[in-house]
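Have a look at the structure below before the remarks.
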Amino acid sequence: PRKIWAHSADSHVMEPADLWTSRLPKRLADRAPRSERGDKYEILYIDGQQIDRQLNDFMDAMRPPGAFDLDVRLKDLDQEGVWSQLAFPSMGFWSVNITDRELGREVARAWNDWSHEEVMSRQDRIFTPAIVSLADVGDAVKEIERTAEMGFQAIFLPCGTRPGEEWGLDKWEPLWAAAEAHGTVLAFHIGTGGENVVYRGPGGAVVNYMETTYPGMRVVSHMVAGGALDRHPELKVVIAEGGAAWVPAIGDRMDEGYRQHGMFVRPKLSRLPSEIIRSQVYASFQHDPSAVEVIEGTGYTNVMWGDDYPHLEGTYGHTQETLHGLFTKVSPEIKHRVLRGTFEELFDVSPIPADK
Ligand SMILES: CC(C)(COP(=O)(O)O)[C@@H](O)C(=O)NCCC(=O)NCCSC(=O)[C@]1(C)CCC[C@@]2(C)[C@@H]3[C@@H]4C[C@@H]5C[C@]3(C[C@]5(C)O4)[C@H](O)C[C@@H]21
Ligand SMILES: [Mn+2]
């Protein structure tokens with residue numbers, strides 16, 4: 001059957017091991033994210049603490065040919081039928097754990113410079129969000145301004161937050177104002193900002209998979225009910241890799257809370273939560289049929305497909321099978337919206353050539 005071509009709203013770059021050691025002074029590089037491979041586990045450290053541990057064979061399973069080579073990666077994309085990718089960090093995910101101001105600022109800056117020089121300046125199909133320091137909002141604002149000048153169209157933010165740093169709090173207001181002013185998309189990715197393994201009993205693999213999904217819902221409830229998106233109507237939020245059918249569902253529940261518990265509601269919003277969600281909140285999925293069905297069922301259309309390249313949860317190696325399965329019985333309008341239109345509404349990307 002004819003190849004289906006799509007953009008991916010959720011992919012990843014695999015950073016070289018020397019990204020920070022080659023760009024930062026030793027006193028900072030030694031504290032930047034780094035991984036050590038033992039005989040069974042890959043251990044991740046940042047600023048002197050162990051922050052993650054993954055089985056080697058799990059990490060090795062995420063190794064398509066192009067994982068570490070941009071030219072080979074573009075061939076992987078052609079093979080799978082993917083034109084443009086919003087490519088999130090991998091090791092860069094862990095920068096959100098940094099609380100030291102200087103380290104947070106310099107680790108983010110170095111990552112953004114590496115992406116600009118080694119990924120974005122070398123081709124026009126794969127682009128990354130910028131990383132900003134969460135240790136200091138002022139530094140984050142400056143990095144949004146700096147990277148917007150360099151052509152970055154989004155910033156990566158973690159779904160999970162430390163207690164007292166929830167996304168609805170006023171402390172983040174300068175970040176929202178700067179992002180809106182520069183047209184910078186807020187690209188939240190699940191499985192970040194908190195513990196990824198919180199349960200080791202029966203069902204652990206699937207239970208933990210779900211536990212890393214729920215914080216994506218919290219991002220939406222805080223940023224909608226807290227007023228951030230109402231105050232900044234041009235601001236766009238993407239929840240990447242968390243599926244999409246839940247988005248209109250929580251819109252309904254937030255409307256019910258907003259109306260039925262109106263006597264407790266603060267701040268009052270100029271639009272219902274569900275209206276704010278439908279105009280400003282976007283979500284990506286990989287395999288979920290419900291993410292496509294929800295569009296016809298609810299009229300929520302801010303749905304984007306993602307290949308999650310090169311991760312195991314993604315579609316590398318079976319993208320065409322997945323896309324044909326998802327879209328065979330779906331209207332051309334919905335298929336276009338999910339595979340291209342929503343993405344092209346959010347991002348300035350090179351169009352998919354007409355012969356694809
Ligand atoms: C969960 C256990 C330990 C349960 O074992 P048991 O039955 O008790 O013996 C076991 O099944 C396992 O080790 N599974 C491997 C996968 C995993 O760590 N699952 C956690 C929940 S899913 C997850 O955290 C996602 C969101 C999705 C999978 C890739 C993921 C781990 C990635 C991978 C690994 C690392 C963490 C990272 C970014 C990173 C650089 O790529 C995200 O922060 C997070 C993400
Ligand atoms: Mn992903």
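In each ligand, atom 1 is the first atom listed, and ligand 1 is the first ligand listed.
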How wide is the angle at the Mn ion (ligand 2) spanned by H189 NE2 and E241 OE1, rounded to 10 degrees? 90°
Round to 10° and report the angle made at the Mn ion (ligand 2) by OD1 of D308 and NE2 of H12. 90°
Got a salt bridge between [X] and [Y], using NZ or NE/NH1/NH2 to carboxylate O under 4.0 Å?
X    : Y    : result
E275 : R278 : no
D113 : R23  : no
D60  : R37  : yes
R31  : D100 : yes
K26  : D30  : yes
E345 : R337 : yes
E173 : K171 : no
E117 : R122 : no

What part of H12 sits under 4.0 Å from ligand 1 if we count only heavy atoms: the side chain, the backbone, both or neither?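 H12 to ligand 1: no contact under 4.0 Å from either part.
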Structural part of M91 in contact with ligand 1, heavy atom criterion under 4.0 angstrom: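 Within the 4.0 Å criterion, M91 makes no contact with ligand 1.
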Among protein heavy atoms, which sits nearest to [atom], and what does the distance come to when rounded to 0.1 Å?
atom                    : result
atom 38 (C) of ligand 1 : F93 CD1, 3.8 Å
atom 36 (C) of ligand 1 : W94 CZ2, 3.7 Å
atom 23 (C) of ligand 1 : T212 CG2, 3.9 Å
atom 13 (O) of ligand 1 : L55 CD1, 4.5 Å
atom 43 (O) of ligand 1 : G191 O, 2.6 Å
atom 32 (C) of ligand 1 : H311 CE1, 4.5 Å
atom 16 (C) of ligand 1 : F58 CZ, 3.6 Å
atom 6 (P) of ligand 1  : R200 NE, 3.6 Å

Given T213, N196, I190, N208, identify the one with the heavy atom nearest to atom 1 (C) of ligand 1. N208
For atom 18 (O) of ligand 1, which of the options E241, M59, M210, Q54 provides the nearest non-hydrogen atom? Q54
Does the protein place any heavy atom closer than 4.0 Å to [atom]?
atom                    : result
atom 10 (C) of ligand 1 : no
atom 45 (C) of ligand 1 : no
atom 29 (C) of ligand 1 : yes

Running the 4.5 Å side-chain criterion over Ile, Leu, Val, Met, Phe, Trp and Tyr, what cluster does V206 land in, apart from itself? none
Side-chain hydrophobic cluster, 4.5 Å single linkage: members besides W83: W5, I352
Ignoring hydrogens and geometry, is there a side-chain-to-backbone donor-acceptor pair from Q123 to L70 under 3.5 Å?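 Such a contact is absent between Q123 side chain and L70 backbone.
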Regarding D10, does it place an N, O or S atom less than 2.8 Å from the Mn ion (ligand 2)? yes
Test item, E211 contacting ligand 1 (heavy atom, 4.0 angstrom): no
With ring centroids as reference points, do F188 and F156 lie under 6.0 angstrom apart?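 No, the ring centres sit 6.0 Å or more apart.
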